[in-house]
Amino acid sequence: PTFARVSAHAVDDLDGALDRIAAATEGHSGSDVHSLCKECAMRPLRRLMAKLDDDLEPRDGMEEEVAAMGAITEEDVSGALREAKP
C-alpha cells in the first residue's frame with residue numbers, strides 16, 4: 001500500500017508493476033523486501049543530488065531552478081532488483 005501511494009503517479013501500470021515486483025521477489029524475506037523498498041526510494045534522491053552537484057557552478061544565463069525529487073520509476077525498481085541480494 002505505501003509503495004502504491006508513493007509511486008502511483010510514476011508508474012503507468014501500477015498493478016502490473018506490483019505484480020512484477022511480487023514475482024521478482026518471490027522467496028525474499030520481509031527484510032529483503034524492506035531493503036529493496038529503501039533502495040528504490042534512494043534512487044530519485046541520488047538523481048537529485050547528482051543534479052545539484054552538477055549545478056554547483058553557476059553559468060552565465062542560468063536561471064535558478066527549484067530542486068525537486070522525482071518519483072520512483074520502474075527503472076528504479078529494476079535497478080534495485082538487480083542489486084538485491086536475497
Set of residues satisfying side chain to side chain donor-acceptor pair (under 3.5 Å) with respect to S31, sequence neighbours excluded:
none

Partners of E75 by salt bridge (charged side-chain N to carboxylate O under 4.0 Å, His left out), sequence neighbours excluded?
none

Partners meeting side-chain contact (heavy atoms from CB on, under 4.5 Å) with R47 (sequence neighbours left out)
R43, P44, T73, D76

Residue pairs passing the salt bridge (Lys or Arg N to Asp or Glu O under 4.0 Å) test where at least one lies in residues 26-38, sequence neighbours excluded
none

Among all residues two or more places apart in sequence or in another chain, which pass the side-chain contact (heavy atoms from CB on, under 4.5 Å) test with L81?
A24, T25, L36, V77

Rounded to the nearest 0.5 Å, what separation is found between the CD atom of E39 and the CZ atom of R46?
4.0 Å

To the closest 0.5 Å, what do you measure between SG (C37) and CE (M42)?
14.0 Å

Tell me every residue that passes side-chain contact (heavy atoms from CB on, under 4.5 Å) with S78, counting only those two or more places apart in sequence or in another chain.
R82

